[in-house]
Amino acid sequence: HVQLVESGGESVQAGLSLKLSCAVSRNTIAGYCMAWFRQAPGKEREGVASIYPPWDSLYYADAMEGRFTISQDVDKNAIYLEMDGLKSEDTAMYYCAAPVMMGSCDFRYWGQGTQVTVS
């Protein structure tokens, strides 16, 4: 199976920035749909951002667009989430996710998550 390991979460002051990382154990992440999700206390899990290779496009949820940036480093088999202008509403457990095969954004592999707390 594929393992995803998130890191970089911490407690930060509102308005500051943070960068999360996700290491992927598969042979390569090139061509795969990769994404970040988050879940705050009392709320449903929501999509944050994703990379969609078939259309060479990026997706951002409305609340995050303009503040968050998803990127990847194929050589390091890692994806990142750069977060700027953090708000208290961004407090959540952040997860990275991957599909089983290329061409799919049906996420089946999930990391353990990394906690981001904004105050």
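In this text the structure is predicted, and so the values were computed from the model without any measurement. Residue numbers run from 1 in the order of the sequence given. In what follows, every heavy atom counts, from backbone to side chain, and hydrogens, waters and symmetry copies are set aside.
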Original post:
Should M34 and V24 count as side-chain neighbours, where that means a heavy-atom distance under 4.5 Å?
Top reply: yes

Subject >> Value rounded to 0.5 Å, distance of CD in E82 from CZ in R67 >> reply: 14.0 Å

**OP:** State, to 0.1 Å, how close S104 and C33 come at their nearest heavy-atom pair, and which atoms those are.
**Re:** O-CB, 3.3 Å

**OP:** Could you pull out the closest heavy-atom pair between S25 and Q3, with the gap in Å?
**Re:** OG-N, 2.7 Å

Original post:
What are the two closest non-hydrogen atoms of I29 and D73, and how far apart are they?
Top reply: CD1-O, 4.0 Å

Subject >> Ring geometry between F68 and Y94 (parallel below 30°, tilted from 30 to 60°, perpendicular above 60°) >> reply: tilted

Original post:
Do the side chains of I79 and M101 join up, straight or via other hydrophobic residues, at under 4.5 Å, putting them in one cluster?
Top reply: no

**OP:** Measure from NZ or CZ of R26 to the centre of the six-membered ring of Y32, then state whether that distance is under 6.0 Å and the direction lies within 45° of the axis.
**Re:** yes

**OP:** Report the distance from atom CD of E10 to atom CG of L18, rounding to the nearest 0.5 Å.
**Re:** 5.0 Å

Original post:
Where is the tightest heavy-atom contact between W36 and S21, given as atom of each residue plus distance?
Top reply: CH2-O, 3.6 Å

**OP:** Report yes if some heavy atom in the side chain of Y80 is under 4.5 Å from a heavy atom in the side chain of Q72; otherwise report no.
**Re:** no

**OP:** Kindly compute the distance separating CD (E6) from CD (Q115), expressed to the nearest 0.5 Å.
**Re:** 11.5 Å

Subject >> Co-membership, hydrophobic cluster, residues F37 and V100, 4.5 Å side-chain >> reply: no

Subject >> Side-chain heavy-atom pair T91, V116 within 4.5 angstrom cut-off >> reply: no

**OP:** State yes or no: do L81 and V5 share one hydrophobic cluster built from I, L, V, M, F, W and Y residues joined by side-chain heavy-atom distances below 4.5 Å, directly or via other members?
**Re:** no

Subject >> Student check: side-chain heavy atoms of Y95 and R38 closer than 4.5 Å >> reply: no

Original post:
Linking I/L/V/M/F/W/Y whenever their side-chain heavy atoms sit closer than 4.5 Å, directly or via other members, would L16 and L20 fall into one cluster?
Top reply: no

Subject >> Value rounded to 0.5 Å, distance of OG1 in T69 from CG in D84 >> reply: 6.5 Å

**OP:** Looking only at non-hydrogen atoms, find the nearest pair between Q39 and A92 and report the distance.
**Re:** O-CB, 3.4 Å

Original post:
Transitively linked via ILVMFWY side-chain contacts under 4.5 Å: M83 with V12?
Top reply: yes

Subject >> Where L4 and C96 come nearest, the two heavy atoms and their spacing >> reply: CD1-O, 3.4 Å

Original post:
With side chains defined as the heavy atoms from C-beta onward, is the minimum distance between Y60 and S50 less than 4.5 Å?
Top reply: no

Original post:
So do V118 and Q13 actually touch side chain to side chain, heavy atoms under 4.5 Å?
Top reply: no

